[in-house]
2 protein chains.
Amino acid sequence: MTSGQPLPHAAEPTLTIAQVVDRTGLSHDTLRYYEKAGLIERVGRTTGNQRRYLAADLAWLEFLIRLRETGMSIADMQRFAELRARGDATVPDRLAMLREHRADLKERIRALRRNAAALDDKIDHYERLLERPGSDDPI
Amino acid sequence: MTSGQPLPHAAEPTLTIAQVVDRTGLSHDTLRYYEKAGLIERVGRTTGNQRRYLAADLAWLEFLIRLRETGMSIADMQRFAELRARGDATVPDRLAMLREHRADLKERIRALRRNAAALDDKIDHYERLLERPGSDDPI
DNA sequence: GCTTGACCTGGAGCGCGCTCCAGGTTCTAC
DNA sequence: GTAGAACCTGGAGCGCGCTCCAGGTCAAGC
């Protein structure tokens, strides 16, 4: 039986801000901005006041990045982070937010696919225009 | 044989800016901004200097809206509009732009779908958390 | 003719999501 | 101990895509 759980009181490995920049692709400034904005709870510091990120911080950042990439605003991410900070009692609210975000996202994906199809048609039109020049060029 | 072509010298019907606002969903200010930015060629005016849009203007605006909805920047739309203004010789360039835009768009759609799937997983996680409270809540 | 609402212009302002800066502190390697 | 890199803070600035404003002109209905 291997030990899968972290040892209690074992010093958890931490990451400097530069390491988090490397792993997430976020900039130093964005990481500080997210912290200042309350998207991420105040990260632990060394005695010299330098940030040290835990694996859990990284996982949360990666989740935030996913929310951002799917078009969630900073304001909504702030709401979500605030709910999360209030603990398990807010799980239903968080679930509702995620479900709504997912519904929006899927609708946006559908709209993009419709637009992509229309773009395909426009491209076909231009291709025909190249083959048979002199036809009308409405656009 | 019905006459499918517009009669030469027939007064083409025109639209006021308010009518174009209604049909496109763009605001007065956005329409003026697009014209100032060169996205749309200077629209015809009445003797009193008020804009009158032609059906072709509307079609072009609708195309611009599609480009915008698929994430094209104003700067790229300006490039496209400029090529269009230079005439048929630029069709190959326009086609290249549209093909590249389509490739970007399809990649973004794929990324969104991946993120949507991950969001589904996260929602499943929260749903299980609601059913069996007390489990770990990593996020 | 008058009123009222639609329209015109140039330019300033705004909300978003960062990004940059100045000036100082801390850490690491030698 | 020291140099140089990494890090800290508050706050200003920026690029994008509009949006608003002031101060005027024009048009349609009575």
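All figures in this text were calculated on a predicted structure; none of them were measured in a lab. Just so we're on the same page: letters track the sequence lines, and every chain starts at 1. Computation of the quantities below employed the complete heavy-atom set of this structure, encompassing side-chain atoms and omitting hydrogens, waters and symmetry-equivalent molecules.
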Which residue, A:Arg45 or B:Gln50, contacts DNA chain D at a nucleotide closer to its 5' end, judged by nearest heavy atom? A:Arg45
Could you check B:Met77 against A:Arg42 and say which one's nearest nucleotide on DNA chain D is further toward the 5' end? A:Arg42
Calculate the interatomic distance between [X] atom [atom1] and [N] atom [atom2]; express it in whole Å.
X	N	atom1	atom2	result
A:Tyr33	C:dG15	OH	P	13 Å
B:Gln19	D:dA27	CD	C1'	14 Å
A:Ile40	C:dG17	CD1	C1'	17 Å
A:Glu35	D:dC8	CD	C1'	11 Å
A:Leu15	C:dC27	CG	C1'	17 Å
A:Glu69	C:dC18	CD	P	11 Å
A:Leu31	D:dT9	CG	P	12 Å
B:Lys36	D:dC16	NZ	C1'	16 Å

SB check B:Glu131 B:Arg128 (cutoff 4.0 Å): no
When the nearest nucleotide of DNA chain C is assigned to A:Ser27 and to A:Arg52 on a heavy-atom basis, which residue is associated with the more 5' position? A:Ser27
Is B:Arg68 touching bases, backbone alone, or none of the nucleic acid, heavy atoms closer than 4.0 Å? sugar-phosphate
Base, sugar-phosphate alone, or nothing: which one does A:Arg51 contact when heavy atoms must sit under 4.0 Å apart? sugar-phosphate
The residue among A:Gln50, A:Arg52, A:Glu35 that forms side chain to side chain contact (heavy atoms under 4.5 Å, CB included) with A:Val43 is A:Glu35
Taking B:Tyr53 as the fixed residue, which of B:Leu31, B:Thr14, B:Leu58 is the one that meets the side chain to side chain contact (heavy atoms under 4.5 Å, CB included) rule? B:Leu31
From the list [options], which nucleotide is the closest neighbour of the side chain of [X]?
X	options	answer
A:Tyr34	C:dC7, C:dC18, D:dC7	C:dC18
A:Thr46	D:dA27, D:dC8, C:dC27	C:dC27
A:Ala18	C:dC18, D:dC7, C:dC27	D:dC7
B:Arg32	C:dT9, D:dC8, C:dC27	C:dT9
A:Asp29	C:dC7, C:dC21, C:dT9	C:dC21
B:Thr30	C:dC7, D:dT9, D:dT19	D:dT19

Under 4.0 Å between a side-chain N or O of A:His28 and OP1 or OP2 of D:dC7? yes
Please determine whether a side-chain nitrogen or oxygen atom of A:Thr16 lies at a distance below 4.0 Å from atom OP1 or OP2 of D:dA6. no
Between A:Gln78 (side chain) and A:Ala37 (backbone), is there a donor-acceptor pair under 3.5 Å? yes
Could you give the distance from CZ (A:Arg108) to CG (A:Asp104), rounded to the nearest 0.5 Å? 6.5 Å
Should we say atom CD of B:Gln19 is surrounded by more than 12 heavy atoms from elsewhere, each under 6.0 Å from it? yes
